[in-house]
Amino acid sequence: EKGGHDYFMLKEIEEQPEALANTLRGHFSDGVVLDEQRLSEQDLRDIGKVFVVACGTAYHAGLLAKYAIEHWCRIPVEVELASEFRYRDPVLGRDTLVVAISQSGETADTLEAVRHARTQHARVLAISNTNGSQIPRESDAVLYTHAGPEIGVAATKTFLAQIAANYLVGLALAQARGTKYAEELEREFEELAAMPEAVRSALSTVGKTRELAARFSESKAVLFLGRHVGYPVALEGALKLKELAYMHAEGFAAGELKHGPIALIEEGLPVVVNMPSNKGSSQLHAKLVSNIREIQARGAHTIVIAEEGDDAVRPFADELIEVPAVPTLLQPLVSAVPLQVLAAEVARNRGYDVDKPRNLAKSVTVE
Ligand code: BG6
């Protein structure tokens, strides 16, 4: 039942192309199709502000929604931990869309954030993997990620599916608000639709990542760096390592290095760097290369995740993991793969139960 693997999580990592394809299937035909829609076109057109609320891995997927929705729809987006949201009296109204992301659809913090939003007359759109769960039931619109059941407590395929779902929500808003032409929407969707294949090819990094994990499984700590959409991926890489391998791990926006975290760098410390594409955003690429040189000079062991053919970073990577070149906003879908495998395999090497990490539950129904 684990598909020949030692643990479910690896099977679920390998199911990601399918999970993505299933999430996209049926959600686009002449525009985005939601699973449930109790909002009018006018309601969507009137949205002037978006909040994304979620916990854990879903929150990291939510952070990525901001890049796509702001870029495509020209609406300000705030992403907030569901457990913090209602305690600070956020400014909400009928023109606010709250996107609640929850694999289980039952997470108490996220559910309470939804209930709070509704008391303030905000519109709520749920992204969930569980049909008929509580959060979708209490929302005005629902987009289901059809990733299939996830056994591993640490989210993997549902994370990728949530990212895709966010992008669909971004396209739906762009469509309603008219910030994108039908052909542009179609083109963005086509790029998304090509991602299951790209993720399949990113799975070819599994073997190399397992070897790396074996070498670093006794490290004291691991740092993760990224910029732009690579930053939430760095946070997710660190969370996975904490959850599964009980290892101290932190994700940082690489630009913040010099404002503090660089003090943590010491001889032999593994630092995982998520490189942006060397094509479009080459300015960021050059900045990341200079970050890598700075930390290397201070003794860090750099594990670099870069797109295939990125020869500029090669000389500075102690270890290089190459993922397929894809459009910038979609890069997290491929770069997350080696980070998931790294965490799972470090945990396995340390003798831990990868599918059932200590102290954690798949769904947390208390606040
Ligand atoms: C945590 C799980 O307790 O809840 C995480 O261990 C998950 O893996 C988080 O990301 C949020 O869960 P959900 O179901 O709301 O997406």
Side-chain angles (χ1 to χ4, degrees), residues 7-13 15-16 19 23 51-65 79-86 98-117 124-139 142-166 169 232-247 249 251 332 336-337 339-344 347 352-367:
Y7 49 88
F8 279 106
M9 187 176 158
L10 192 55
K11 173 174 173 272
E12 289 165 356
I13 288 171
E15 284 169 357
Q16 292 186 116
T23 298
F51 283 97
V52 183
V53 294
C55 305
T57 292
Y59 170 71
H60 294 150
L63 289 174
L64 291 165
V79 189
E80 188 141 353
L81 292 166
S83 55
E84 288 293 318
F85 180 68
R86 72 198 173 103
V98 172
V99 179
I101 311 174
S102 173
Q103 183 283 129
S104 62
E106 303 288 348
T107 297
D109 287 315
T110 313
L111 178 59
E112 289 305 325
V114 164
R115 287 178 174 160
H116 177 75
V124 179
L125 186 153
I127 293 177
S128 178
N129 198 45
T130 315
N131 257 311
S133 53
Q134 199 60 27
I135 291 170
R137 279 213 298 266
E138 297 195 19
S139 299
V142 184
L143 201 156
Y144 285 110
T145 51
H146 299 283
E150 192 173 60
I151 309 289
V153 164
T156 51
K157 61 178 179 174
T158 57
F159 175 59
L160 264 63
Q162 284 164 349
I163 298 172
N166 282 330
V169 169
V233 177
L235 296 178
E236 174 62 8
L239 177 63
K240 282 277 157 292
L241 205 55
K242 288 180 235 193
E243 289 180 302
L244 300 173
Y246 320 144
M247 200 184 261
V337 173
L339 302 189
Q340 296 167 336
V341 176
L342 183 75
Y352 302 141
D353 184 339
V354 177
D355 294 325
K356 287 196 202 63
R358 70 185 180 200
N359 307 340
L360 297 178
K362 183 74 183 157
S363 166
V364 182
T365 53
V366 290
E367 267 194 83

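Index from 1, following the sequence. For ligands, and for the atoms within them, numbers begin at 1 and follow the listed sequence.
- Atom CZ of Arg86 is separated from atom CD of Glu80 by 12.5 Å, given to the nearest 0.5 angstrom.
- Close contacts of ligand 1 with Cys55, meaning ligand atoms under 4.0 Å from a residue heavy atom, involve 9 (C), 10 (O), 11 (C).
- Close approach of ligand 1 to Gln103 is summarised as follows: ligand atoms under 4.0 Å from at least one heavy atom of the residue are 13 (P), 14 (O), 15 (O), 16 (O).
- Every residue meeting the side chain to side chain donor-acceptor pair (under 3.5 Å) condition with Lys240, not counting sequence neighbours, appears here in chain and number order: Thr57, Glu236, Glu243.
- Considering only non-hydrogen protein atoms, atom 10 (O) of ligand 1 sits nearest to Thr57 N, 3.1 Å.
- When Asn359, Thr107, Asn129 are ranked by how near their heavy atoms come to atom 12 (O) of ligand 1, first place goes to Thr107.
- With sequence neighbours excluded, the residues forming a side chain to side chain donor-acceptor pair (under 3.5 Å) with Thr158 are Glu150, listed by chain and number.
- Looking at ligand 1, you won't find any N or O of Lys362 less than 3.5 Å from one of its N or O atoms.
- Ranking protein heavy atoms by distance to atom 5 (C) of ligand 1, first place goes to Glu243 OE2, 4.2 Å.
- For atom 2 (C) of ligand 1, the closest non-hydrogen atom of the protein is Ala361 O, 3.7 Å.
- Counting heavy atoms under 4.0 Å from ligand 1, residue Val364 touches it through the side chain alone.
- Taking the six-membered ring where tryptophan is involved, the planes of Phe85 and His116 are perpendicular, since the angle between them exceeds 60° and thus also 30°.
- Using a 4.0 Å cut-off between heavy atoms, Ala54 makes no contact with ligand 1 at all.
- Within ligand 1, the atoms closer than 4.0 Å to a non-hydrogen atom of Ala155 are 8 (O), numbered from 1 in the order shown.
- Ligand 1 has no nitrogen or oxygen under 3.5 angstrom from a nitrogen or oxygen of Gly105.
- Thr110 places none of its side-chain heavy atoms less than 4.5 Å from the side chain of Ile101.
- Distance from atom 8 (O) of ligand 1 to its nearest protein heavy atom, with residue and atom name: Val153 O, 3.3 Å.
- Arg115 places a side-chain heavy atom less than 4.5 Å from the side chain of Leu111.
- Of the candidates Asn129, Asn166, Thr23, Asn129 is the only one forming a side-chain hydrogen bond (donor to acceptor under 3.5 Å, both in side chains) with Thr145.
- Between the CG atom of Leu342 and the CG atom of Leu241 there is a distance of 6.0 Å, given to the nearest 0.5 Å.
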